[in-house]
Amino acid sequence: MDSAEFHAAVYDKVREIPAQRVTTYGHIAKLIGMPRHARHVGQALKFLSPQTNPPVPWHRVIGASGTISSRGPGTGGAQNQRGVLEAEGVEVTTGRTGEMRVDLSRWGWFPAVDAAATQQGRDQTGEESSESEG
DNA sequence: ACACTGACCGGAG
DNA sequence: GCTCCGGCCAGTG
């Protein structure tokens with residue numbers, strides 16, 4: 001798994017994130033078969049450009065606690081990320097300290113991790129999805 | 001090889 | 001809700 005392959009895998013998964021939904025770095029990493037590379041998921045995302053095509057919804061990737069990493073003194077990428085999320089209809093709450101959070105219980109997108117992700121080379125035809133609407 | 005850093009995760013108090 | 005701690009993997013000096 002080269003860096004390029006890793007990036008490609010990350011982008012592919014991130015693009016699968018539906019609108020009005022958010023997921024975590026850890027989950028993306030898990031989906032691509034590298035649950036321990038959670039940090040590298042973001043590492044790869046930072047290489048993305050606003051001109052990428054098809055566009056990668058990196059803004060739908062947040063921390064495991066639904067917290068948006070503040071990559072700035074406040075009005076930075078995080079602010080933009082929040083704006084984009086709200087633009088899609090995702091509710092983002094902000095704390096007094098400028099903490100931006102998203103209710104994963106409401107907007108969280110955590111599809112079942114297939115064996116294909118954990119065991120590359122093993123294929124299966126069964127699919128499971130434990131998503132709930134409400 | 002060692003030490004520090006990073007868009008992180010999970011457990012315990 | 002929050003803080004404190006250990007673990008994980010990769011990049012850099």
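Below, chain A is the first sequence line, B the second, and so on; all start at residue 1.
Distance NE2/His59(A) to CD/Gln81(A): 8.0 Å, rounded to 0.5 Å.
Distance alone, capped at 3.5 Å, places no donor-acceptor pair between the Arg21(A) side chain and the Trp109(A) backbone.
Closest non-hydrogen pair, Tyr25(A) versus Gly63(A), comes out as CE1-N, 3.7 Å.
Comparing the P positions of dC5(C) and dA7(B) gives an interatomic distance of 22 Å, to the nearest angstrom.
The separation between Tyr25(A) atom OH and dC9(B) atom P is 8 Å, rounded to whole Å. Between the P atom of dA7(B) and the CG atom of Leu85(A) lies a distance of 18 Å, rounded to the nearest Å.
Glu16(A) is linked by a side-chain hydrogen bond (donor to acceptor under 3.5 Å, both in side chains) to nothing, counting only residues two or more places apart in sequence or in another chain.
Distance from the side chain of Ala38(A) is smallest to dC9(B) among dC2(C), dA7(B), dC9(B).
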For residues 32-40 of chain A, which side-chain donor-acceptor pairs fall under 3.5 Å, sequence neighbours excluded?
none

Exercise for review: Do nucleotides 7-13 of chain C as a string where each nucleotide becomes B, S or -: B if the base has a protein heavy atom under 4.0 Å, S if just the sugar-phosphate does, - if no protein is that close.
Suggested key: -BBSS--
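With a 4.5 Å cut-off on side-chain heavy atoms, Leu45(A) and Ile28(A) do not count as touching.
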